[in-house]
Amino acid sequence: MAIPKSPADSIQDVLRDPELTRLIQSPEHQGLELSRSRQVYTNRALKMDEIALVGFDMDYTLAVYSMRQIEELAFHMTLDRMVSGRGYPAWLRNLKYDHEYVIRGLVVDKDFGNIFKMDRHNHVGRCYHGRRPLSLDERRARYQTNEKIRLSLPRFAWIDTLFSLPEACLYAEIIEAQEARGERVDYHKLYDGTRESIDEGHRDGSLKSELRKDLGRFIKPDPELAQALHKLRSGGKKLFVLTNSLWDYTDAVMGFLLDGRLAEYPSWRNYFDYVVVGAQKPAFFAEHRPFVELNPNGSVARPQAETLERGRIYEGGNLFDFERMSGFAGEQVLYVGDHIYGDIIRNRKASQWRTCFIVQELEREIEYVEQHAADVQRLNELDAMRTRLDDMINHHKLLLNALDRRMERGGPLPADLDSRRHREKQDLEKLRRAFRATLLEGSELESRFETGANAYWGLVFKEGNENSRFGEQVEDYADLYTSRVSNFLYYSPMQMFRSPRATMPHERALLRRA
């Protein structure tokens, strides 16, 4: 009588089935591999078949801006305001915008006129005063001796959006220019004036008015966006737009992106079940302003809407009423945005909505790392080698100390004691030279690798060997993150996004040895 196979045997039979191997290795399925720069990455597992409603921010999410052009425009418009309205000297209008000098995740210290980048432990890494890099001793004296960095203090400003980059660059350029002339700079006043001038440009619509004059110059329509939204709708999802931009600008941009792209959707509004503009995030997630229904011309139709209806336009509103009136709440909702605080962190603290963070810089960063994979591998090898050499140095130092103590105690000594001490000293010196060599090679290689990504700040997601504070926030608060909305086109609307198995340092060591 045949003995039944155990469940484990059955599992192994399934996994070793030659037909399974053929399927996995078939050209058809090999072609399903998506380039790393276009993948959706998972921090917290998410089942798309449990998502009923998907929402999108507009600026830098659905609308992908040409970063250099829009940043330079905002830089010069803000500079003009500061000269004409805040009394700054006219010669500052000659300042140039350097798009490489600023990245997301930087911190401005308004008390001392410094801009720095932090790692996930809030340790200050690279730091500049104006355009001058601070030395290691200067950084330690300022940020590592007397105090713990608390970014909630009024003296610090967190550069966490792409819209914030021009203000940080302008701040540094003005400090550099005025101090080069021997002029005294009130760092705190300068930053607040820069911030207020940029805010004025957004509030009065002057910046977006300039953008609307030539949307094609400032916005790069994603040819796959319409198909990605259609695929989500075809999978049974309802879609909504939730943006801080006002109706006139939203209508112009969304029409530019989507009108006439697919025959099934003659207007961009046909893609979305709900459209909410002027949402004033993050206040949308914390306050209780009413939804105002607008007419297509932007005038008020109803000052306080009691329902949310497909095909209508709403302004303002709040999280509680949105969930109540739409009928979708908590983990049924996935919200996709680019603002780490306004779209992701504040959202997560106020609601149970799932989140996807759009990081436009991700494509460039992944492609750069892939091109320099040999450098990354060598840095890992050098790091492991330093750890090993450090252990060996400490071991030989202990042996040499034991031999020295033996001589100090006096009495009869082994005949080979001197030769053993000499040999230990020679071995110790060889190990120390090797350790110094790994430090030197690692430092030079890391410098080349980091400055190749960005001459001032290195990689957006890293600071030295650690995740940057920005990278840590993405990992902590965003369930998913990716480079653009259209990347969802390459996944099923029922996709199970699986997070990688979490590992602690002791597990990683075991995995490396394995």
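As the structure is a computational prediction, the values presented were derived from the model and not from experiment.
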>> One thing to verify: whether Arg120 and Glu463 come together as a salt bridge, which I'm taking to mean a side-chain N less than 4.0 angstrom from a carboxylate O.
In response: no
> Between Phe470 and Trp158, does the ring centre distance come in under 6.0 Å?
Replying inline: no
> With ring centroids as reference points, do Tyr314 and Trp247 lie under 6.0 angstrom apart?
Replying inline: no
> Is the closest basic N to carboxylate O distance between Arg386 and Asp383 below 4.0 Å?
Replying inline: yes
> Is the shortest side-chain N to carboxylate O distance from Glu179 to Arg184 below 4.0 Å?
Replying inline: no
>> For Ala168 versus Val102, what's the shortest heavy-atom pair and its separation?
In response: CB-CG1, 3.7 Å
> Which word best sums up how the rings of Tyr60 and Tyr65 line up, parallel for under 30°, tilted for 30 to 60°, or perpendicular for over 60°?
Replying inline: tilted
> Would you find a donor on one side and an acceptor on the other, under 3.5 Å apart, between the side chain of Ser164 and the backbone of Asp160?
Replying inline: no
> Do Glu441 and Arg378 sit within salt-bridge range, that is, some charged N less than 4.0 Å from a carboxylate O?
Replying inline: yes
> Under a 4.0 Å N-O cut-off, is there an ion pair linking Glu472 with Arg469?
Replying inline: no
> Near Arg68 CZ, under 6.0 Å, is it more than 12 heavy atoms from other residues, nucleotides or ligands?
Replying inline: no
> Is Arg364 salt-bridged to Glu100, cutoff N-O under 4.0 Å?
Replying inline: yes
>> Could you check whether any side-chain heavy atom of Arg126 comes within less than 4.5 Å of a side-chain heavy atom of Tyr456, counting everything from C-beta outward?
In response: no
> Salt-bridged, Arg142 to Asp109, with N to O below 4.0 Å?
Replying inline: no
> Should His99 and Glu72 count as side-chain neighbours, where that means a heavy-atom distance under 4.5 Å?
Replying inline: no
> Any salt bridge between Arg44 and Glu331, counting N to O under 4.0 Å?
Replying inline: yes
> Between His372 and Phe449, how do the two ring planes meet: parallel, tilted or perpendicular, split at 30° and 60°?
Replying inline: perpendicular
> Under a 4.5 Å cut-off applied to non-hydrogen side-chain atoms, are Thr438 and Leu440 in contact?
Replying inline: no
> Does Tyr171 have its ring centroid less than 6.0 Å away from the ring centroid of Tyr187?
Replying inline: no
>> Under 4.0 Å between a side-chain nitrogen and a carboxylate oxygen: does that hold for Arg484 and Glu361?
In response: no
>> Could you check whether Arg131 pairs with Asp98 (Lys NZ or Arg NE/NH1/NH2 to Asp/Glu carboxylate O, under 4.0 Å)?
In response: yes
> Just by modelled atom types, is the Tyr335 backbone N or O under 3.5 Å from a matching donor or acceptor in the Arg354 side chain?
Replying inline: no
> Taking the side chain from Ser447 and the backbone from Ser443, do they hold a donor-acceptor pair closer than 3.5 Å?
Replying inline: no
>> Please report whether the ring centroid of Phe272 lies less than 6.0 Å from that of Phe240.
In response: no
> Are the charged groups of Glu176 and Arg132 less than 4.0 angstrom apart, N to O?
Replying inline: no
>> Tell me whether the count of non-hydrogen atoms from other residues, nucleotides or ligands lying under 6.0 Å of CZ in Arg436 goes above 12.
In response: yes
> Do side-chain atoms of Ser135 reach the backbone of Glu138 as a donor and acceptor pair under 3.5 angstrom?
Replying inline: yes
> Is Lys281 close to Leu242 at the side-chain level, that is, under 4.5 Å between some pair of heavy atoms?
Replying inline: yes
>> Just so I know, are the side chains of Tyr41 and Arg36 near enough to count as touching, which here means a heavy-atom distance under 4.5 Å?
In response: yes
> Do we see a donor-acceptor contact under 3.5 Å between the side chains of Asp80 and Ser84?
Replying inline: no
>> If you apply the rule salt bridge (charged side-chain N to carboxylate O under 4.0 Å, His left out), what do you find for Arg212 with Asp248, and how did you get there?
In response: CA-CA 10 Å; Arg212 287 184 64 180; Asp248 59 342; 3.6 Å; yes
> Taking the six-membered ring for Trp, are the ring centroids of Tyr143 and Phe116 within less than 6.0 Å of each other?
Replying inline: yes
> Looking only at atom types and distance, does a side-chain atom of Thr482 sit under 3.5 Å from a main-chain N or O of Gln39, one as donor and one as acceptor?
Replying inline: yes
>> On a heavy-atom basis, which atom in Glu287 and which in Asn318 lie closest, and how many Å separate them?
In response: O-CB, 3.1 Å
> Would you call the rings of Phe497 and Tyr491 parallel, tilted or perpendicular, where under 30° means parallel and over 60° means perpendicular?
Replying inline: tilted
>> Is it the case that the ring center of Phe357 lies less than 6.0 angstrom away from the ring center of Tyr481?
In response: no
>> Taking Lys462 first and then Asp119, would you say they form a salt bridge - that is, a charged N and a carboxylate O separated by under 4.0 Å?
In response: no
> Hey, does Leu207 have a side-chain heavy atom less than 4.5 Å from the side chain of Met77?
Replying inline: yes
>> Please determine whether a side-chain nitrogen of the Lys or Arg among Lys110 and Asp192 lies less than 4.0 Å from a carboxylate oxygen of the Asp or Glu.
In response: yes
> So among Arg81, Met82, Arg86, which one has a side chain to side chain contact (heavy atoms under 4.5 Å, CB included) with Thr194?
Replying inline: Met82
> Is the shortest heavy-atom distance from the side chain of Thr42 to the side chain of Asp479 under 4.5 Å?
Replying inline: no
> Side chains of Asp59 and Asn244: does their closest heavy-atom pair fall under 4.5 Å?
Replying inline: no
> When the ring planes of His202 and Phe163 are compared, do they come out parallel, tilted or perpendicular, using 30° and 60° as the limits?
Replying inline: perpendicular
